[in-house]
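All heavy atoms count here, side chains included; hydrogens, waters and symmetry mates do not.
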Amino acid sequence: MKFKKLLITGATVILSATALAGCGSSSSKSQAPKNTVRISEKDVIATMDSSMNTDVIGAQNLTNTMEGLYRYKGKDIKPALATKVVKPTNNGLTYTFSLRKNAKWSNGDPVTANDFVYAWRRTVNPKTKSQYAYIYEGIANAKDITAGKKPVDSLGVKAVNDHTLQVNLEKPIPYFSQLMTSSTFYPQNPRTVNKWGKKYGTNSKTLVFNGPYKLVKWSGADNSWTEVKNNSYWNAKDVKVQKIQYQVVKDPSTSLNLYQSNKLDRASLTGDIAKQMKKSKGYGIIKRNATFYITPNMKKQPVFKNEKIRQAISLSINRPQLTKRVLGDGSVATNSFTASNMAFDPQDKSKDFVKETSASANKYAKYDPTEAKKLWKQGLAETGNTGKKFNFTLLGDDTDTAKKQNEFLQNQLEKLPGVKVTLNNVPFKSRLSRSDNGDFDMVVTAWNADFPDPINFLTLFTSDSSYNYGKWNNPEFDALVNKSLTDDANNPAARWKDMIDAQNIANEQQPVIPLYQQGEAWMTHARVKDLDFGPAGSYNMVSLRIKD
């Protein structure tokens, strides 16, 4: 996922302490409403149409109010509308799901297999213009349908009967079960979508719900919205919190003020405010499945093709200092471009993918300026550039945070002998365009996983990937990634080893220079219990509890 709402580039304050009726100061606390959890949000909901959503805010609210075949509970995939987590047949090409017969939409309609067929066809239909249609690739005919080469009804999904859904693949998709937790694969109520057409998903009136909550009092552009328990939800007995209220707050000072005056139960903090509250009771960090890294352009600057040069760049950066002193937003230093706390060994769920590859990662993704200078000089000698001076341009976003981040990186990299770094901070869209076109020496790039599997990140750096901006090429790496998707697709243990081996190669060769994993700093009142943040990057609000 390219960052959209995940990165907030503006500095506009949506709320101020004085603008909120009864907000008061941190010393004037109000009583929290019973059976209600109040949460800050970074921005408004762009859409509640699961075919059109592209950001984490929409994904969270869809997860709260809708439901697909599976749902994460902790690290584990659990059946949701499906009655069980199924294993594929036909050599991994066919999935047959039995659906719950007591599942209903909030308007009383039963949830049927045809609701999935309708939604999935609608998403891949090129007329819908879904930006996430590509994630259906691998399901029979999906790619050809989105390209306009085959009819929509040829998609490999069918309703065997009202409560049996069958999905046929073109090739095994080893992460298919993870995909089925995504809001992009949720069913849709055909009667409702057809009634509202292009207005579907733009406000509460155009929606019906089949998940734990119903979205009410939302007009589409509201800076606040409420979700109330959906008594029609098949698992309503496990939903204990009656109401969730969201409030958009972009200014961290306002967010903290609202939290301290008991107007928010959970408040997002950034920058200096987050740093100040770090040791306070209620402070915590959530890791997103998103990493930031420097991509060196090996096509434009041939010196970057040298492995020791890239290793030297990596060793010259003090990542903990960057995250703690410069960012201060809950982001954490990382030694891997793959997100941690996301994917776990299929034979031992306690083993995190990044931790299992940390031995190779720690070798070069640490701060060691002495070793960095040594490797830099060796790399220059190997490339015939001994004593040569370089002036590299570092491309990045033009937000205040990105500018401070890149100034820090500039200072770190210029400690390498003969290196000068010029900063070029541009708007987000310009940075993406220039990255696509190879118009950079080095660029700070970020990636957020579309589903919780290491392959999300590993495929970025195969030689034929459109996201391989630096043009790194390693045939052994390519072969391992390909093997995990083909020969070993149906063998979880072998596939895991393929990905581990591929990551270890990348850790050694540093095709990109990992910096940090995006984090979010939060203040949470003690009355809020059992916040279940899953590997897919959303909270499972079925588990939410209140202690009043």
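Annotation: cation-pi geometry not satisfied between Lys349 and Phe344 (NZ/CZ under 6.0 angstrom from ring centroid, within 45° of ring axis).
With no hydrogens or angles considered, no side-chain donor-acceptor pair links Gln245 and Thr36 at under 3.5 Å. Between Tyr246 and Asn64, the side chains place a donor N or O and an acceptor N or O closer than 3.5 Å (distance only, hydrogens not considered). Remark: the Ser543 side chain and the Lys73 side chain contain no N/O donor-acceptor pair separated by less than 3.5 Å. Under 3.5 Å, the side chains of Arg71 and Asn540 contain a donor-acceptor pair of N or O atoms. At a cut-off of 3.5 Å, with distance as the only test, no side-chain donor of Gln517 or Ser331 sits close to an acceptor on the other residue. For the residue pair Asp450 and Tyr132, a side-chain donor N or O sits within less than 3.5 Å of a side-chain acceptor on the partner. Ser484 and Asp498 share no side-chain donor-acceptor pair at under 3.5 Å. Using modelled atom types and a 3.5 Å distance limit, the side chains of Asn210 and Glu67 yield no donor-acceptor pair. Between the side chains of Lys214 and Asn230, not a single donor N or O lies within less than 3.5 Å of an accepting N or O. If you check the side chains of Arg122 and Ser51, you find a donor sitting under 3.5 Å from an acceptor. Using modelled atom types, one finds a donor on one side chain and an acceptor on the other under 3.5 Å when comparing Thr94 with Asn168. No side-chain donor from either of Gln247 and Trp225 sits under 3.5 Å from a side-chain acceptor of the other. Donor-acceptor pairing under 3.5 Å is recorded for the side chains of Ser219 and Asp222. Defined by atom type and a distance below 3.5 Å, a donor-acceptor pair is missing between the side-chain atoms of Trp218 and Asn61. Side chains of Ser465 and Asn468: no donor on one and acceptor on the other come within 3.5 Å.
With rounding to the nearest 0.5 angstrom, the CD atom of Gln503 is 4.5 Å from the CG atom of Asn507. Here the CD-CG distance, from Gln188 to Asn194, works out to 10.0 Å after rounding to the nearest 0.5 Å. Residue Asn53 holds its CG atom at 6.5 Å from OG1 of Thr47, rounded to the nearest 0.5 Å. For the atom pair CG of Asp488 and NZ of Lys497, the computed distance is 10.0 Å after rounding to the nearest 0.5 Å. To the nearest 0.5 angstrom, Leu179 atom CG is 7.5 Å from Ile139 atom CD1. Rounding to the nearest 0.5 Å places CG of Leu460 at 8.0 Å from OH of Tyr467.
A donor-acceptor pair is defined here as one N or O able to donate and one able to accept, closer than 3.5 Å; such a pair exists between the side chain of Arg288 and the backbone of Gly537. Between the side chain of Asp532 and the backbone N or O of Gly74, at least one donor-acceptor pair lies under 3.5 Å. Asn90 places no side-chain N or O within 3.5 Å of a backbone atom of Gly92 that could act as its donor or acceptor partner. Formation of a donor-acceptor pair under 3.5 Å by the Asn490 side chain with backbone atoms of Asn91 is found in this model. Remark: side-chain polar atoms of Thr462 are not paired, donor with acceptor, to backbone N or O of Leu458 under 3.5 angstrom. With hydrogens and angles ignored, the 3.5 Å screen pairs no side-chain donor or acceptor of Lys104 with any backbone N or O of Tyr233. A donor-acceptor pair under 3.5 Å is absent between the side-chain atoms of His525 and the main chain of Ala32, judged by distance alone. The backbone N or O of Asn341 sits less than 3.5 Å from a side-chain atom of Asp352, completing a donor-acceptor pair.
A ring pair (Phe, Tyr, Trp, His ring centres under 6.0 Å) check over residues 529-548, counting only residues at least two apart or in different chains, returns the pairs Phe533-Tyr539. Within the structure, ring pair (Phe, Tyr, Trp, His ring centres under 6.0 Å) pairs that include any residue of residues 150-192 comprise Tyr95-Phe176, Trp120-Phe185, Tyr136-Phe185, Tyr175-Phe451 (at least two apart or interchain).
The environment of Lys143 atom NZ is sparse: at most 12 non-hydrogen atoms of other residues, nucleotides or ligands sit within 6.0 angstrom. In Lys529, the NZ atom is crowded: over 12 heavy atoms of neighbouring residues, nucleotides or ligands sit closer than 6.0 Å. No more than 12 heavy atoms of other residues, nucleotides or ligands shown are found within 6.0 angstrom of NZ on Lys355.
Of the residues Ile57, Asn223, Asp55, Val249, the one that meets the side chain to side chain contact (heavy atoms under 4.5 Å, CB included) test with Asp43 is Ile57. With Arg495 as the partner, the side-chain hydrogen bond (donor to acceptor under 3.5 Å, both in side chains) test is satisfied by one option alone out of Asp453, Thr486, Asp487: Asp453.
Under a 4.0 Å N-O distance rule, the pair Arg191/Asp109 qualifies as a salt bridge. Of the charged side-chain nitrogens involved, at least one lies within less than 4.0 Å of a carboxylate oxygen, so that Glu520 and Lys42 count as a salt-bridged pair. One finds no salt bridge joining Lys158 and Asp153 here, because no Lys/Arg side-chain nitrogen approaches an Asp/Glu carboxylate oxygen to under 4.0 Å. For Lys101 and Asp162, the salt-bridge test fails: no basic side-chain N is under 4.0 Å from an acidic carboxylate O.
A perpendicular orientation is assigned to the rings of Phe461 and Tyr293, their planes being inclined by more than 60° (bins at 30° and 60°).
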Run the salt bridge (Lys or Arg N to Asp or Glu O under 4.0 Å) check on Lys150 and Asp144 step by step: do they pass?
CA-CA 6 Å; Lys150 288 188 177 180; Asp144 285 340; 3.7 Å; yes
Please evaluate residues Lys287 and Ser340 with respect to the criterion side-chain hydrogen bond (donor to acceptor under 3.5 Å, both in side chains), reporting the C-alpha separation (whole Å), side-chain torsions for both, the decisive distance (0.1 Å), and the verdict.
CA-CA 8 Å; Lys287 282 185 183 179; Ser340 65; 3.1 Å; yes
List the steps, then state whether side-chain contact (heavy atoms from CB on, under 4.5 Å) holds for Trp105 with Met66.
CA-CA 9 Å; Trp105 294 98; Met66 307 286 190; 4.1 Å; yes
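A 4.5 Å side-chain heavy-atom check between Thr128 and Met52 finds at least one atom pair inside the cut-off. Side-chain contact between Tyr70 and Val86 is present, with at least one heavy-atom pair separated by less than 4.5 Å.
Legend: residues meeting salt bridge (Lys or Arg N to Asp or Glu O under 4.0 Å) with Asp265, ordered by chain and number and at least two apart, are Arg38, Arg527.
Not less than 6.0 angstrom separates the ring centroid of Phe292 from the ring centroid of Trp447.
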